[in-house]
Amino acid sequence: MLESYLRDKLQKKDILIMTHIVLGYPSLEDSFKIIETMVKAGVDLIEMQVPFSEPIADGPVILRANQQALKGGATVQGCFDLAEKVTRAFDIPFLIMSYFNIPYKYGTTRFVSNMATRNLRGAIIPDLPPEEGQEYLKVMQTLHLAPILIFSPTTPIERMKYLATFARGFIYCIARKGVTGETTTFSEELGSYLSQCRKATSLPLALGFGIKEKADIDFLKGKAEIAVIGTQTIRIMEKKGIASVENFIRSLL
Amino acid sequence: MLESYLRDKLQKKDILIMTHIVLGYPSLEDSFKIIETMVKAGVDLIEMQVPFSEPIADGPVILRANQQALKGGATVQGCFDLAEKVTRAFDIPFLIMSYFNIPYKYGTTRFVSNMATRNLRGAIIPDLPPEEGQEYLKVMQTLHLAPILIFSPTTPIERMKYLATFARGFIYCIARKGVTGETTTFSEELGSYLSQCRKATSLPLALGFGIKEKADIDFLKGKAEIAVIGTQTIRIMEKKGIASVENFIRSLL
Amino acid sequence: MINRGYYGEFGGAFIPEILFSTIEELVEAFQDARNDPTFWKEYTDIMSTFSCRPTPLTFAENLTKHFGGARIYIKREDLNHTGAHKVNNVMGQGLLVKRMGKSRVIAETGAGQHGVATATMAAKFGFRCTIYMGEVDVARQRPNVFWMERLGAEVIPVRDGTRILKDAINEAFRDWVTNMDDTHYVLGTACGPHPFPEMVSYFQSIIGKEAREQIFEREGKLPARVYACVGGGSNALGIFSGFFDDPVQLIGVEAGGKGLDTSRHAARLALNDSSIGVAHGYRTYFLQDEDGQMKETHSVAAGLDYVGVSPILASLRQKGRVRFEAITDKEVLEAFSLTVKMEGLVPALESAHAFAQAFKELPDISGDDMILINLSGRGDKDIFIVADAFADPKWQGFIQKKAEDYSA
Amino acid sequence: MINRGYYGEFGGAFIPEILFSTIEELVEAFQDARNDPTFWKEYTDIMSTFSCRPTPLTFAENLTKHFGGARIYIKREDLNHTGAHKVNNVMGQGLLVKRMGKSRVIAETGAGQHGVATATMAAKFGFRCTIYMGEVDVARQRPNVFWMERLGAEVIPVRDGTRILKDAINEAFRDWVTNMDDTHYVLGTACGPHPFPEMVSYFQSIIGKEAREQIFEREGKLPARVYACVGGGSNALGIFSGFFDDPVQLIGVEAGGKGLDTSRHAARLALNDSSIGVAHGYRTYFLQDEDGQMKETHSVAAGLDYVGVSPILASLRQKGRVRFEAITDKEVLEAFSLTVKMEGLVPALESAHAFAQAFKELPDISGDDMILINLSGRGDKDIFIVADAFADPKWQGFIQKKAEDYSA
Ligand SMILES: Cc1ncc(COP(=O)(O)O)c(C=O)c1O
Ligand SMILES: Cc1ncc(COP(=O)(O)O)c(C=O)c1O
C-alpha cells in the first residue's frame with residue numbers, strides 16, 4: 001500500500017519529493033524521458049496528469065501543457081500505455097492526476113481497474129469531492145488504490161476530518177488559495193495551516209503549489225512529509241530542455 | 001399696377017412669359033447678364049429669387065442654385081442693389097421671390113418699402129399663407145405692390161376664392177404636386193384645373209412648374225395668361241452657358 | 001386653420017399652399033383623436049405592450065451620495081423600445097396615420113433615433129417608409145442607418161445644404177408636397193408647422209404624466225427641478241408638461257458644442273446668439289445670420305444640433321417658465337462617464353447634457369429636495385462617437401481589423 | 001451540502017475542495033434570501049425601478065397574419081436594461097453579494113450580454129468587477145467589451161483553450177479559487193455547480209411568472225407552446241418555469257450552427273452528438289469526444305455556443321417535459337429578417353433561434369391556439385455579425401472609412 005511505502009521511505013529521509021508531469025507534453029516519448037530523468041535524480045513518487053481540455057484548478061503553465069498534449073494527440077489510452085511502461089521500468093510509485101470527466105467518461109470502474117492493472121498506486125482528482133465520488137472511492141478501496149484527497153487553507157477542521165475518512169496514501173495539502181504555478185510565501189502561517197492539517201489526519205501530508213527551490217523544501221521539513229514540485233519542472237524544461245530537469249531536482253535534495 | 005401692365009401686354013400677345021432667376025447664381029454680375037439676355041429675348045416679366053438657405057419648395061436644381069449663390073456671398077443687400085440696377089436698366093416688371101424668413105428678418109415693412117423704392121412690382125413668398133402674412137399684405141397694399149399668391153391642384157375652390165381676396169397682379173398656379181424642376185404632364189387634367197382656378201379669380205393666371213418647351217406653352221394658350229419658366233433656364237445655362245439662354249427663350253415664343 | 005398654433009409670438013403654420021389641405025386633414029384627425037375618449041387608451045395600450053410604458057423611475061443612489069445633496073431621480077426613456085423617447089411620438093402619429101387611411105410615412109432624422117423609431121412603427125403598422133437623413137449624420141450614425149434598412153425603410157442621404165438635420169427636414173417636406181395623398185410626414189420633434197408642435201408634445205406628455213405620478217408616489221412630494229436636454233424640444237416638453245402647474249423649476253439643456261464663445265454650438269435659447277425667424281414651417285428662435293440664412297451648428301450629440309427649437313419652448317422661455325442652459329461637448333463626456341461608472345446607466349450623448357447641467361447645479365440645491373432628470377435615450381447608438389472621444393485604441397484596432405477583412 | 005443540487009442524474013457540485021466553504025456560504029445566503037419574505041419583494045422592486053419589469057407581452061399581429069395560424073405572443077426581455085434577460089440574474093446575485101458582504105464580482109461572458117449586465121450591476125452596487133471573455137468572443141463582440149470597460153469593469157481576454165465561453169468559465173473559476181474571500185463569481189446561466197443552476201433559474205423565473213399572468217389576462221387561456229433559445233438554459237428555464245404545471249408544450253431551441261450533419265454546431269440536447277460528462281463543476285450533457293475532451297462548438301450567436309447545458313434542462317429532457325430542437329445559422333438569419341421587417345422587433349441572434357423554430361412549427365398548430373416566444377435579448381449588439389451575414393456594402397464602406405481615419 002502507498003502509505004506504508006511512504007512511511008518506509010520516511011525512515012531514511014526527512015522529506016520526500018513528489019514531482020508532477022503532464023502526460024504527452026511535449027510528447028509521450030518525452031514524458032517517458034522526463035520521468036526517467038526524475039527517477040534518476042531521486043524523486044520518491046510521481047503524479048502523472050492525464051490531460052483534460054478544462055483543467056479548472058491549474059494555472060497557465062500546466063493549463064497550456066494540457067492543451068499542447070491534447071493538440072499533440074495524447075489520448076487516455078496512450079496515457080495508460082505509457083503508465084504501464086513506466087511502472088514496469090521504474091521502481092517508485094506512480095499516481096494518476098486528472099479531472100473527473102476523464103475517468104467518468106472512460107467509466108469510473110473501468111478506469112480504476114485499468115489503473116490497478118497497470119500498477120498505478122493512486123489518483124488525485126481535484127474536482128471530485130467525496131460527496132460526488134462514492135462510486136470512485138468504493139472501487140479505489142476494493143482495488144487497494146489510494147484516493148488522494150485535498151486539504152486547502154479554507155477547509156474547516158471538521159471538513160478535513162471528514163475528508164480524511166475517505167483518503168488513503170497521503171493528504172495533498174495545497175499551500176494557498178489560487179491555482180498551480182503562482183508564488184507561495186513560505187511563512188509561519190503556512191506552518192500553522194500544516195499543523196491544523198496534522199490534527200485532522202494521521203496520513204502523511206504532502207504540500208504542493210508554488211515550491212520552487214531547496215529553501216522551500218527545507219522550510220517544510222518537520223511540517224510535511226512530501227514536497228510536491230509541479231509547475232517549476234515544466235518551466236525549467238521549457239527553458240533549458242529535458243536534460244536540465246535532473247540537475248534541478250538534485251538541487252532540491 | 002402690375003395687373004394693368006399685364007392686361008395691356010395681353011392685348012398684343014396670346015400668352016406672356018415670366019422667367020425665374022436666382023440672384024447671385026453663379027454671381028451677381030452673371031445675374032445681371034442673364035436678366036439682360038432674357039429681356040433681350042423678349043420675356044415679359046421676371047421673378048428674382050433672393051437666395052435662402054432653406055428653400056423648402058424648390059427642387060434640386062434651384063435648391064443648389066440658392067446654395068451656390070449664398071456660398072458666393074450673395075446677401076439681401078446685394079440683391080436689392082442688383083434689383084435697383086435692373087429696374088433702372090430694363091423696362092419690364094420685376095418681382096421678388098423669396099421665402100418668408102428673408103423679409104421677416106429684414107423687417108417685413110422695411111423690406112417691402114425697399115422693394116417699392118427700387119421699383120419692384122410685387123413678390124412671391126411660397127411659405128406665407130395669408131393667415132400668417134397680414135402685416136406683409138397690408139404694407140404691400142399700402143405701397144401698391146402686388147402680393148402674388150399661389151393656387152395648387154390640391155387647393156379647394158373655397159380656399160382659392162379666399163386667397164384671391166388678398167392677391168394682386170396675378171395668381172401663380174402651380175401645375176402639379178411636388179417641387180420645382182420635375183416633369184409636368186400637360187394634359188386635360190391640367191386644363192380643367194386651370195378652369196377651376198379661373199372660376200375663383202378674375203386675376204390673370206400664371207402657370208409654373210415644369211415648363212420646358214414651346215409645346216408646353218402652346219398648350220397653355222387660352223388656359224393661362226402667363227407661362228413661368230423656372231428650372232429649365234438654369235439647366236440650359238449650366239449646360240451651355242449664359243449666352244444660350246437667349247436662344248432658349250426665343251425658341252419658346 | 002382657426003387655431004393656427006401660436007404660443008405667444010411663436011409657432012404658426014408657414015407652409016406652401018399645396019400642403020394646406022393636408023395639414024387641415026391632419027389637424028382634424030388629431031383633434032378627432034384627442035376628443036375620442038378611447039384614443040388615449042388605445043395609445044397607452046400599444047405603448048405598454050409594444051414598448052415598456054410606464055417606463056421606470058430610477059433612484060440614482062450613487063450619484064446622490066457622490067454629490068451629497070438633493071436626491072437624484074432619473075426617468076428611464078432609454079428603456080423604451082428602439083431606445084429613446086422618440087417612439088412615444090411615432091407610435092401616436094402611427095395611430096393617426098391609420099385613422100387617416102394613409103399607407104406611407106416619411107421622416108427626417110438627425111441622430112437616427114427618430115428614423116429607427118419611425119421605421120419600426122412603419123414595420124409594425126405595415127406602412128411603406130422613407131427616411132431622410134443628412135449625409136453627415138449618415139456617416140456618423142451608420143448603425144442606425146443599418147437598422148432602418150433592415151426594418152425595411154429606404155434611407156435617403158441628403159447631400160444638399162449643410163447635410164444635417166435641417167436639410168433632412170427640408171427634403172422631407174419636398175417629398176411631402178409631392179406625395180401627400182398617401183403619405184404622412186412623421187415629424188420627429190415638437191417643431192414644424194401647426195399641429196406638429198402641439199401633437200408631438202401631446203404624445204410625449206406621457207413622460208411627464210408618468211414621472212409626476214411616480215415621483216410623488218415614491219417621495220410624497222414633487223422634485224425641486226426637472227432637467228431635460230433640448231434638441232427640437234420634444235423630450236423636454238414631454239417631461240416638463242407634467243409639472244407646468246407645479247412649483248417646480250424646469251431646465252432645458254442645449255448643446256454648447258465647442259464652447260459658448262465659439263460659433264460651434266447649438267444653443268438657441270440659452271444664449272443670445274439666435275434670433276426670431278421663420279423656417280421649416282414655423283416661427284421660433286433660429287441660429288441665423290443677419291440676412292436670415294441659417295447657420296451651421298455643432299454638437300457631439302447629433303440629436304441636438306438643430307438650428308431651430310420648439311415654438312412652445314420659445315414661448316415658455318419668454319414667459320420665464322423654463323430656464324435654458326448650455327453644456328459643452330467636453331462637459332457632456334465627463335457627465336456621461338460619471339453616469340455610466342456610478343449608476344450603470346448609459347445615456348445617449350443628447351441626454352447626458354441634462355445630466356451635466358444637473359450635476360453643475362446640485363451644489364446649489366437643498367439636500368432636502370429632489371431633482372428629476374430625463375434620460376431621453378440610451379447611448380449604445382453613440383459607440384462610434386464615444387469610442388472616438390475616448391480615443392480607445394482597442395476599439396480602433398477592432399475597426400481596423402474589420403476593415404482589413406472587408407478589403408480581403 | 002445536504003442538497004447537492006441534483007436533477008435526476010444531472011447537476012451536483014464538482015468543485016475543487018478549496019471552494020467548499022465559499023459554495024456553502026453561497027448556498028446558505030441563497031437559502032436565507034429565499035426564505036426571507038421581503039427578499040423577493042426587494043428583488044422585484046429593483047427590477048421594476050432599475051430595469052423595466054414586468055417586461056411587456058407583445059402580440060405579433062403581422063407575423064400571426066403572415067403564417068395564418070396560431071396567435072403569436074412575444075415576451076419582451078429585450079426591453080430589459082442592458083438589453084437581455086441576463087440582468088434578471090445579475091441583479092439577483094448582486095443582492096446576494098450585498099448580503100454576503102463581498103466587494104468584488106467576476107463573471108464569464110460569451111456574447112458579452114452577461115458581461116455587460118454584470119458590469120452594470122457592479123456599477124450600480126459599487127462592486128469591483130472583472131469579466132473573463134474568450135479572445136474569439138472579444139473579437140466578435142467588441143461593442144460589448146467597450147461598454148464593459150466604460151462601466152468600470154476590467155475585461156480579461158482568455159487566450160487559452162478554444163478561447164470562447166467555456167474557457168472564460170474556467171478562467172473565472174481560477175480567479176474565484178484565488179479571491180473567494182471578497183469575490184463572488186456571478187455565473188451567467190443555469191449551469192455550473194450547485195447552487196448556480198437553481199439560483200439562476202430562481203431569478204429568471206420572474207420571466208415565466210409574468211408571462212403566464214400576462215397571457216392569461218390577455219387571452220383567458222394559456223399558450224399551446226412556449227419557445228425559448230438555449231445557450232446555458234437560463235432564459236428558457238426562466239420562461240418555462242411559469243408553465244411547468246400546465247398542459248403547455250415547452251420547446252428549447254439550440255444552435256444548429258453550420259448544420260446538424262456537421263460538427264460545427266452546439267446542439268447538446270436536440271441531437272445525439274453529446275454525452276453525459278462532468279466539467280465546469282457539474283454533470284450534464286456535453287459535446288465531447290470519447291476521451292471526455294470538450295469539442296469546439298459553433299453558432300452565429302455567440303451566446304449559444306456553449307459545450308454544456310443546464311442540468312435542469314438535461315433532466316427535463318429525460319423526463320420528456322421539454323422538447324429540444326436545433327436551428328441552423330442560415331435559418332436563424334431568415335427568421336431574424338422576417339421578424340425585424342414584419343414586427344419592428346430586432347431580436348438577438350440567440351433569441352432568433354426560438355423564433356425560427358416557432359415559425360417552422362406554426363403550420364402544425366391549430367389556429368385556435370396561441371404560442372409564446374421568449375425574446376431573450378435585443379439584436380443591436382449583433383450589428384457586426386448581422387452586417388457581415390448580409391454583406392452590407394455600405395456598412396463595410398463605413399468601417400473602412402473609420403479605419404482610414406484611425407490610421408491617419
Ligand atoms: C436620445 C435623444 N434625446 C434627445 C433628442 C433631442 O430631441 P428632442 O429635443 O426633440 O427631445 C434626440 C434626438 O434625436 C435623441 O435621440
Ligand atoms: C440574448 C441572449 N439570449 C440567450 C442567451 C443564452 O443564454 P441562456 O440559455 O442562459 O439564456 C444569451 C447568452 O449570452 C443571450 O445573450
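In what follows, every chain begins at residue 1, and chains take the letters A, B, ... in the order their sequences are listed.
A search for side chain to side chain donor-acceptor pair (under 3.5 Å) contacts involving A:E47 returns nothing, not counting sequence neighbours. Qualifying ring-ring contact (aromatic ring centres under 6.0 Å, His included) partners for A:F32, counting only residues two or more places apart in sequence or in other chains: A:F90. Here D:D167 pairs with nothing under the salt bridge (charged side-chain N to carboxylate O under 4.0 Å, His left out) rule; sequence neighbours left out.
Counting only distance, with no hydrogens or angles, the side chain of A:E132 and the backbone of D:A13 share a donor-acceptor pair below 3.5 Å. Without hydrogens or angle criteria, D:D291 side chain to A:T75 main chain gives no donor-acceptor distance under 3.5 Å. In this structure, the side chain of A:T154 engages the main chain of D:I18 through a donor-acceptor pair within 3.5 Å. A distance-only check finds a donor-acceptor pair linking the side chain of A:N101 to the backbone of D:V278 [under 3.5 Å].
Residues D:P16 and A:I150 are not in side-chain contact: their nearest non-hydrogen atoms beyond the backbone lie 4.5 Å or more apart. Looking only at side-chain heavy atoms (C-beta outward), A:E54 and D:Q293 stay at 4.5 Å or farther from each other. Counting heavy atoms from C-beta on, the side chains of D:R174 and A:P55 come closer than 4.5 Å.
Residue-environment remark: CD (D:E290) stays at or below the threshold of 12 foreign heavy atoms within 6.0 Å. Within 6.0 Å of CD on A:Q141 lie no more than 12 heavy atoms contributed by other residues, nucleotides or ligands. Environment of NZ in D:K295: crowded, with over 12 heavy atoms of neighbouring residues, nucleotides or ligands closer than 6.0 Å.
In this structure, chain A has a heavy atom under 4.5 Å from the side chain of D:R283, while its backbone stays farther away. In this structure, chain A has a heavy atom under 4.5 Å from the side chain of D:S275, while its backbone stays farther away. If you measure heavy-atom distances from D:D289 to chain A, the contacts under 4.5 Å come from the backbone alone. Heavy atoms closer than 4.5 Å to chain D are found nowhere in A:I125, neither backbone nor side chain. When heavy atoms are compared at a cutoff of 4.5 Å, A:P103 does not approach chain D at all. Contacts of D:I169 with chain A are absent, with no heavy-atom separation under 4.5 Å from either backbone or side chain. Residue D:Q288 touches chain A through its side chain alone, counting heavy-atom pairs closer than 4.5 Å. Of the two parts of A:L70, only the side chain, counted from C-beta on, holds a non-hydrogen atom closer than 4.5 Å to a non-hydrogen atom of chain D.
The shortest non-hydrogen separation linking D:N170 to A:S53 is ND2-O, 4.4 Å. Shortest non-hydrogen contact noted between D:G292 and A:F52 is O-CE1, 3.0 Å. Taking every heavy atom of both residues into account, D:D160 and A:Q67 meet most closely at CB-NE2, 3.5 Å.
Interface remark: of the candidates A:V50, A:T155, A:D58, A:D58 forms the most heavy-atom pairs closer than 4.5 Å to chain D. Highest contact tally toward chain A, considering only D:W176, D:F173, D:F286, D:F14, is held by D:F14 [criterion: heavy-atom pairs under 4.5 Å].
For residues 171-190 of chain A, heavy-atom neighbours of chain D at less than 4.5 Å comprise A:I174, A:R176, A:K177, A:G178, A:V179, A:E182, sorted by residue number.
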